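Report on the following structure.
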Amino acid sequence: MHANPPLTRRIPPELTARTIRRHVFWAAAITALGGLLFGYDTGVVSGALLFLHVDFGKLSSFDKELVTSLLLVGAMVGAFFAGKIADKVGRRPTVLMTSVLFMAGVIGAALSPNLMSLVVMRFVIGVAVGSASMVVPLYIGEAAPPQIRGALVSFNQLAITSGILTAYLVDYGLSYTQNWRLMFGLATIPAAALFVGMLFQHESPHWLISQGREEEARAVLHRVRASTDIEAEIIEVRELSKKKTTAKDLFNPAVRGMLTVGVLLAVFQQVTGINTIIYYAPTLLHGAGLGNSAALLANVANGVVNVGMTIVAIRLIDRVGRRPLLLGGTTGMAVSLVVLALAFVVGGSHLTGATAIIAIIALLVYTGSFAIGLGPTFWLLISEIYPVGIRGQAMSVATVANWGANFIVTISFLTLLGTIHGSGTFLLFAFLTIVALVYFQRRVPETKNRSLQEIERDLFRSKSSTAARPK
Ligand code: BGC
């Protein structure tokens, strides 16, 4: 399972630019199936929860919370170990192991004889989700040429949002059968496709170089780069990975600055509230006075906007850069959150007429702004800003922070709504979004159009963390 396909052992003949693009595109598309599973498995539970009682009898709120949130705890564990594993055994075996774990988890969940086994299986799926969430951008980022790296890594975010939307539609389509087992079990298809597709992919060239396996790296690079670029890239990555790095290096002053940027991007991506909308929008809208079908429809519209604006981001991210999208998107989130909060202030806890319409529009603008900014840029930037020798482990730290913050926001949201209501809750998110905006403006670097080696040299040239300042 860990051996590369034979092609990597010999250098293929010079390929046309089109063929090169096709290879890179397929490498990104296949690996992004991991993102699809991330989105599907996090999104599917809201619908499945409604029907668990058919097999397991009445469930308490605590039972439901366990089924939902153990995935997030599993994801923290998965993200924690995946970076170390990816640095040690390679990116490709890590993706293969992750897909096996996905298959085991979703089949186990679908066949669960009792609630306890379902909870355990949700944890197992979570471990796979956490691992996929960091290793997919890592792998794509190292395989992609600099000019289109932003778009290709953001395929992962497109896959996440498509997975969430598919989950909503599957839940809706299967709701009349009450078949929650099938809702979970359908994820076996992309998990198997990820495994099979990955068997035909090659190891990341940068990882191979960092292990001294330059012949294999050269063969892989010949499939994904113009031949004129290859030798310089090998020399650069070799130089950069000469310095043997250990986990302790995560805390040396140069890396620490960027580690903080990655962790804060991760935390801000969650504490600005996206998953309260992704996981709870129907509950929120229904509770705010909308009928069941209107709430479901608004939810699907929200999923469509999420996918649509991610496509817009993919088209723009290598042209206008990461910072303009991040700053513009975060501003849109802040404005829409304030409007949402005001709708609750004016309309009280039951929105009708104009306030209901304003709230729905604000929700859609909020999701669209996230999808064009903080959604894709977070995952992209953490795949770009770390030195090759500890890239996996540094990404792990940021990814664990992301899942940890997600867990905390998810379990506290309903309590927040109960105590400080819609108005207070969304004002709090708006405030945190403004803090995030100020931080991003001051600290997040632009990485557009530069190779990972150039970024590494620029950010880590001086020992001081001030090297992390935006250009
Ligand atoms: C976030 C997820 C979120 C998703 C929504 C991702 O970038 O990490 O937590 O559910 O975007 O589209």
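Ligands are counted one by one from 1 in listed order, and the atoms in each one are counted from 1 as well. Computed from a prediction, not measured in an experiment: that's the story for all the values here.
- The ligand atoms of ligand 1 that sit less than 4.0 angstrom from a heavy atom of T161 are 12 (O).
- Contact analysis puts N306 in contact with ligand 1, with a non-hydrogen atom separation below 4.0 angstrom.
- Shortest contact from atom 6 (C) of ligand 1 to any protein heavy atom: Q157 OE1, 3.5 Å.
- Ligand 1 has F370 within reach: a non-hydrogen atom of the residue lies less than 4.0 Å from it.
- D55 and R181 are joined by a salt bridge, as a carboxylate oxygen and a charged side-chain nitrogen come within less than 4.0 angstrom of each other.
- Between W379 and F38, the ring planes lie perpendicular to each other; the angle is over 60°, past the 30° to 60° tilted range.
- A tilted orientation is assigned to the rings of Y439 and F268, their planes being inclined by 30° to 60°.
- Side chains of L452 and V388 form no contact here, defined as non-hydrogen atoms less than 4.5 Å apart.
- In this structure, atom 8 (O) of ligand 1 lies nearest to the protein heavy atom Q269 OE1, 2.9 Å.
- At a 4.0 Å heavy-atom cut-off, ligand 1 touches I164 through the side chain alone.
- Nearest protein heavy-atom contact of atom 9 (O) of ligand 1 is N275 ND2, 2.8 Å.
- A donor-acceptor contact closer than 3.5 angstrom is absent between the side chains of D318 and Q147.
- Atoms of ligand 1 found under 4.0 Å from any heavy atom of W379 (numbered from 1 in listed order, with element): 6 (C), 7 (O), 8 (O).
- Proximity of Y139 to S383: side-chain heavy atoms (C-beta onward) are nowhere separated by under 4.5 Å.
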